Participant: 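Starting off with a structure, shown below.
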Amino acid sequence: MKTKIRELRKQRKMSQEDLADAVGTTRQTITSIEVGKYTASLTLAYKIAHFFGMSIEEVFDFSDLDQ
């Protein structure tokens, strides 16, 4: 799944570790989400989107999921 997390982090000059700490997860999880190896749980997706002041749909691209 594609996300805008990397771009949003860069805009705020944040490291993966900074974001992980802010949303209560690990840097490895943020890395895996950014490269598409891991799909965030709904709870984590909400925390990330809320942190950036956005909706889940604005941060995560669901267009490649099967309907």
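Please read all numbers here as calculations on a predicted model, not as lab measurements.
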Participant: With side chain to side chain contact (heavy atoms under 4.5 Å, CB included) as the test, would you mind laying out the steps for I5 and V59 before giving the verdict?
Facilitator: CA-CA 7 Å; I5 296 171; V59 178; 3.8 Å; yes
Participant: For a 4.5 angstrom cut-off between non-hydrogen side-chain atoms, does H50 reach V23?
Facilitator: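 Side chain of H50 against side chain of V23, heavy atoms only: no contact under 4.5 Å found.
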Participant: Verify side chain to side chain donor-acceptor pair (under 3.5 Å) between E34 and T31, making sure each step is shown before the conclusion.
Facilitator: CA-CA 5 Å; E34 285 185 358; T31 301; 5.8 Å; no
Participant: Decide yes or no on side chain to side chain contact (heavy atoms under 4.5 Å, CB included) for D61 and K4, but give the supporting numbers first.
Facilitator: CA-CA 8 Å; D61 180 1; K4 295 181 182 174; over 6 Å; no
Participant: If we only count heavy atoms from C-beta on, is the F62 to I56 side-chain gap below 4.5 Å?
Facilitator: yes
Participant: Return the CG to CE distance between D21 and M14, rounded to the nearest 0.5 Å.
Facilitator: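 Separation between the atoms: 8.5 Å.
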Participant: Within a reach of under 6.0 Å around CZ of F51, are more than 12 heavy atoms found that belong to other residues, nucleotides or ligands?
Facilitator: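 Check passes, neighbour count above 12.
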Participant: I'd like to check L19 versus F52 (side-chain heavy atoms, cut-off strictly below 4.5 Å). Are they in contact?
Facilitator: yes
Participant: CZ of F60 to NZ of K2: how many Å apart, nearest 0.5 Å?
Facilitator: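 The CZ atom of F60 sits 15.0 Å away from the NZ atom of K2.
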Participant: Give me the atom names and distance for the closest heavy-atom approach of A45 to A40.
Facilitator: N-CB, 4.1 Å
Participant: Can you list everything that forms a side chain to side chain donor-acceptor pair (under 3.5 Å) with S15? Sequence neighbours excluded, please.
Facilitator: D18
Participant: What distance do I48 atom CD1 and L44 atom CG have between them, rounded to the nearest 0.5 Å?
Facilitator: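 CG of L44 is found 4.0 Å from CD1 of I48.
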Participant: Say you draw a straight line from CD of Q16 to CZ of R9; how long is it, rounded to the nearest 0.5 Å?
Facilitator: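 Nearest 0.5 Å value for the CD-CZ distance: 4.5 Å.
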Participant: Go through the side-chain N and O atoms of T29 and S32 and say whether any donor and acceptor fall under 3.5 Å apart.
Facilitator: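 No, because no side-chain N or O of T29 sits under 3.5 Å from a partner of the opposite role on S32.
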Participant: So how far is it from Q28 CD to I33 CD1, rounded to the nearest 0.5 Å?
Facilitator: 11.5 Å
Participant: Has Q11 got a side-chain atom pairing as donor or acceptor with L8's backbone, closer than 3.5 angstrom?
Facilitator: no
Participant: Between atom OG of S63 and atom CE of M1, what is the distance when rounded to the nearest 0.5 Å?
Facilitator: 9.5 Å
